[in-house]
2 protein chains.
Amino acid sequence: MDQVKQKTGYHHGDLRQQLVAATRALVEEKGPDLFSVSEACRAAGVSTAAPYRHFADRTEMLIAVALEGFGEMTASFETALAGHEPGSNDAITAVGTAYVDYAEANPGLFRMMFAGDHQSDALEEAGHGCYAVVLGQVARRMGRAEVDDAVMQAAFPLWTFVHGLAFLRIDGKAEFAKMQTEVRDLVGFATQRLMVRPG
Amino acid sequence: MDQVKQKTGYHHGDLRQQLVAATRALVEEKGPDLFSVSEACRAAGVSTAAPYRHFADRTEMLIAVALEGFGEMTASFETALAGHEPGSNDAITAVGTAYVDYAEANPGLFRMMFAGDHQSDALEEAGHGCYAVVLGQVARRMGRAEVDDAVMQAAFPLWTFVHGLAFLRIDGKAEFAKMQTEVRDLVGFATQRLMVRPG
DNA sequence: ACGGCTATGTTAGAGCGTCTAACTAAGTTA
DNA sequence: TAACTTAGTTAGACGCTCTAACATAGCCGT
């Protein structure tokens, strides 16, 4: 956690983004609840009052980081889809794998994105946008033009599975359970088995 | 959050347990990270220094609560098993359903139990004891005398599913996804589909 | 009964954190 | 170039965790 960029004078020029970056690094390093505004300020080289020109409070800083996370996650889904037949099992498995991979690459952030506290409309919307990529694939697989209830029903068990897998892996439970199976294979297995309408 | 019991005099008699109870109530009410030792003290009617006779620090108070949670969860598994053929799909589904039900009944606590921070040997052991109930059922279903690697492999996808379902439900995502399917039915579905050796 | 020991409370306070108020410097615009 | 806006600053109120020093109550052997 060292200063990313010296400020040029009294005005910083890019403080908001630097605070987001510092916050993110701290969240990843120490966990979301041990993050402190003060420490982010030290990292950015500003006084502890400076953030309050850009964020209403500590929580808004964390929300900004979580938003960044959802954006990246959505992008990683799009990337994962490249080269797969849209709506295929492969495509859906690729998105699910990207989900778990993102969580493992950013455990603190991922945990915060789904922390339950820190609610905001923007955050909710970002989450929906992210999930929309999954829903789109499932809809296509089912030959639906749009995302209706049947698509939601079909997609949910798979989301459930990858969400659980993400948490178990970042908590080291997969290790404890001696699961050496690759994430992709596990997700592929779940896609095959679960991607139907439940009961 | 009001005082559960007046203290009788200078000495309290039951402070440790009352602090655990107060901590638990606050964790449930405000979330694990907004919990404060001070507030638990006010609830228990003691000075802010009193807890440190019983707990090394704030974290240990939270761990004590999480331990209580694992104990209850294990007990709820045992209860759920009553009346089901050991090792049957029904039995396994009952345990999985109890898992999700417990999370929904104690969302703040559940989140804390799997928070990742607050690690301790006792907590890990309690978690293992809890999971052992699941593993026992799966082993029996597979005709294994003891929990070997094959049992672990078979049980893990189911754990993954119920863990994910628990989080999605306490985060209100099931609602958002318009999933009206009962937890038991979803878990039963997953049990049928996933309870085999992957790949 | 009583004197000491231990357990478990107390108050005081250091140190850190969030956030506000009042001020100040730099950029923007008429 | 004066007036306004934006984005920093310092000072400080207040809450939180945790420690140090002290006080009170129960217990135990005599």
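A note on names: the letters A, B, ... follow the listed sequences, proteins ahead of strands, and every chain is numbered from 1.
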4.5 Å side-chain heavy-atom contact, Phe114(A) and Lys173(B): yes
Rounded off to whole Å, could you give me the [atom1]-to-[atom2] distance for the [X] and [N] pair?
{"X": "Phe55(B)", "N": "dT19(D)", "atom1": "CZ", "atom2": "P", "value": "15 Å"}
{"X": "Leu34(A)", "N": "dG17(C)", "atom1": "CG", "atom2": "C1'", "value": "12 Å"}
{"X": "Asp33(B)", "N": "dC16(D)", "atom1": "CG", "atom2": "P", "value": "14 Å"}
{"X": "Leu19(B)", "N": "dG9(C)", "atom1": "CG", "atom2": "C1'", "value": "12 Å"}
{"X": "Asp57(B)", "N": "dG15(C)", "atom1": "CG", "atom2": "P", "value": "20 Å"}
{"X": "Gln17(A)", "N": "dA7(D)", "atom1": "CD", "atom2": "P", "value": "15 Å"}
{"X": "Tyr52(B)", "N": "dC16(D)", "atom1": "OH", "atom2": "P", "value": "11 Å"}
{"X": "Leu15(B)", "N": "dA25(D)", "atom1": "CG", "atom2": "P", "value": "16 Å"}

OP1 or OP2 of [N] under 4.0 Å from side-chain N/O of [X]:
{"X": "Ser47(A)", "N": "dT9(D)", "value": "yes"}
{"X": "Arg42(B)", "N": "dC16(D)", "value": "yes"}
{"X": "Ser38(A)", "N": "dC16(C)", "value": "no"}
{"X": "His54(B)", "N": "dG9(C)", "value": "yes"}

Residues, nucleotides or ligands: over 12 heavy atoms within 6.0 Å of Gln119(B) CD: yes
Is any NZ, NE, NH1 or NH2 atom of the basic residue among [X] and [Y] found under 4.0 Å from an Asp or Glu carboxylate oxygen of the other?
{"X": "Glu72(B)", "Y": "Arg24(B)", "answer": "yes"}
{"X": "Lys30(A)", "Y": "Glu39(A)", "answer": "yes"}
{"X": "Asp171(B)", "Y": "Arg111(B)", "answer": "yes"}

is_close_aromatic(Tyr131(B), Phe70(B)), centroid dist under 6.0 Å: no
Touch class at under 4.0 angstrom, heavy-atom based, for Ser36(B) against every strand present: sugar-phosphate
Option from Tyr99(B), Phe161(B), Phe110(B) for which ring-ring contact (aromatic ring centres under 6.0 Å, His included) with Phe167(B) holds: Phe110(B)
Which one, [options], comes nearest to the side chain of [X]?
{"X": "Thr48(B)", "options": "dT10(C), dC18(D), dT18(C)", "result": "dC18(D)"}
{"X": "Arg53(B)", "options": "dT17(D), dA21(D), dT18(C)", "result": "dA21(D)"}
{"X": "Ala49(A)", "options": "dA21(D), dA11(D), dT18(C)", "result": "dA11(D)"}

DNA chain C stem ranges, 3 or more consecutive Watson-Crick or G-U pairs under 3.5 angstrom: C:1-30 with D:1-30
